[in-house]
Amino acid sequence: MRTISTTITIDATPEEVWATLSDLPRHCTWNPYIREAYGEPVPGQRLTLRTYPEAGDPVTLRPRVVAARPGAELRWVRRTLVPGLLDTEHVFHLAEGPARTTRLEHGERVRGLLAPFLGRFLARNARDFAAMNEALRVRVESMRTTP
């Protein structure tokens with residue numbers, strides 16, 4: 001198994017962060033990585049996500065939501081057609097921090113026969129996740145200060 005893990009502190013409550021993170025149609029207005037997002041963040045639902053990695057061509061993903069707890073967690077999984085070849089779990093954990101802040105842990109777990117060969121790819125994804133985290137922080141914090 002290979003893992004990507006990024007974190008950021010956002011000056012807003014987990015509910016405020018969740019409102020922006022879970023509003024998939026509006027990702028195009030702030031998200032540099034997932035610029036197109038369709039579907040409902042509801043367990044069992046399939047999403048359509050178009051990612052724009054900093055290094056590489058755009059990719060369309062069709063993950064299935066496995067957890068969606070408002071203000072706490074959003075998780076989706078993607079599996080290849082060949083079982084055990086490559087399975088990916090994408091995770092957002094939101095935890096309340098001091099002074100009404102949110103600690104966002106954003107990452108991915110990759111399992112399967114191909115996982116050991118994805119080192120460079122995962123390192124690039126970590127940079128894309130960090131850029132998305134920062135854009136989310138700016139978006140949420142700017143919404144708090146806008147009347």
Side-chain angles (χ1 to χ4, degrees), residues 1-80 83 86-112 114-115 118-147:
M1 180 172 69
R2 303 292 296 258
T3 303
I4 299 171
S5 182
T6 64
T7 60
I8 193 167
T9 299
I10 301 173
D11 187 16
T13 66
E15 292 75 20
E16 290 169 312
V17 175
W18 175 265
T20 297
L21 182 63
S22 65
D23 187 359
L24 298 180
R26 293 192 190 215
H27 274 239
C28 63
T29 64
W30 63 267
N31 193 333
Y33 180 57
I34 302 173
R35 295 186 202 165
E36 299 172 46
Y38 308 98
E40 294 293 322
V42 174
Q45 294 296 309
R46 192 166 294 282
L47 305 176
T48 299
L49 308 173
R50 183 102 166 133
T51 64
Y52 290 77
E54 183 179 314
D57 295 324
V59 177
T60 299
L61 310 173
R62 297 270 300 136
R64 183 170 306 280
V65 177
V66 294
R69 295 184 304 129
E73 175 185 39
L74 177 59
R75 272 188 304 127
W76 59 68
V77 295
R78 290 183 298 125
R79 293 190 169 86
T80 55
L86 190 65
D87 295 333
T88 304
E89 179 181 44
H90 201 100
V91 180
F92 299 91
H93 281 213
L94 294 85
E96 188 167 350
R100 298 178 49 90
T101 62
T102 299
R103 177 181 165 87
L104 171 68
E105 296 178 14
H106 175 193
E108 202 162 62
R109 291 185 206 86
V110 181
R111 295 180 180 91
L114 295 179
L118 298 177
R120 283 188 183 167
F121 175 77
L122 296 177
R124 287 192 306 259
N125 274 5
R127 289 191 297 273
D128 290 328
F129 292 3
M132 178 179 165
N133 296 350
E134 178 61 17
L136 177 62
R137 183 193 66 75
V138 168
R139 173 70 172 198
V140 172
E141 290 179 1
S142 70
M143 291 175 69
R144 285 189 104 200
T145 59
T146 304

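Bear in mind the structure is a predicted one, so any value in this text is a computation, not a measurement.
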Open item on the list: Can you confirm whether more than 12 heavy atoms, excluding those of Glu40, are under 6.0 Å from its CD atom?
Closed with: no

Open item on the list: Applying side-chain contact (heavy atoms from CB on, under 4.5 Å), can you list everything that pairs with Asp87, at least two apart in sequence or on another chain?
Closed with: Arg79

Open item on the list: I'd like to check Ile34 versus Met132 (side-chain heavy atoms, cut-off strictly below 4.5 Å). Are they in contact?
Closed with: yes

Task: Residues forming a side-chain hydrogen bond (donor to acceptor under 3.5 Å, both in side chains) with Arg103, sequence neighbours excluded - done: Glu105

Open item on the list: My understanding is that only residues two or more places apart in sequence, or in another chain, count here; which of them pass side-chain hydrogen bond (donor to acceptor under 3.5 Å, both in side chains) with Arg109?
Closed with: Glu89

Task: With sequence neighbours excluded, residues passing side-chain hydrogen bond (donor to acceptor under 3.5 Å, both in side chains) with Glu134 - done: Arg137

Distance-only check: which donor-acceptor pairs under 3.5 Å involve side-chain atoms of residues 56-68, not counting sequence neighbours?
residue	atom	partner	partner atom	Å
Thr60	OG1	Arg50	NH1	2.8
Arg62	NH1	Leu47	O	3.4
Arg62	NH1	Thr48	OG1	2.5
Arg64	NH1	Gly44	O	2.7

Task: salt bridge (Lys or Arg N to Asp or Glu O under 4.0 Å) pairs, two or more places apart, involving residues 5-17 - done: Asp11-Arg144, Glu16-Arg144

Open item on the list: Applying ring-ring contact (aromatic ring centres under 6.0 Å, His included), can you list everything that pairs with Phe129, at least two apart in sequence or on another chain?
Closed with: Tyr33, His90, His106

Would you list the atom pairs, donor with acceptor, under 3.5 Å between side chains in residues 18-26 and any protein atom, with sequence neighbours excluded?
residue	atom	partner	partner atom	Å
Trp18	NE1	Ser22	OG	3.3
Ser22	OG	Trp18	O	2.7
Asp23	OD2	Arg26	NE	3.4

Task: side-chain contact (heavy atoms from CB on, under 4.5 Å) partners of Arg124, counting only residues at least two apart - done: Ala55, Arg120, Phe121, Arg127

TODO: Could I get the full list of ring-ring contact (aromatic ring centres under 6.0 Å, His included) partners for His93, not counting sequence neighbours?
DONE: none

Task: Any residue meeting side-chain contact (heavy atoms from CB on, under 4.5 Å) with Thr80, in chain and number order, not counting sequence neighbours - done: Leu85, Leu86

Open item on the list: So, using side-chain hydrogen bond (donor to acceptor under 3.5 Å, both in side chains) as the criterion, who are the partners of Glu96 when residues are at least two apart?
Closed with: none

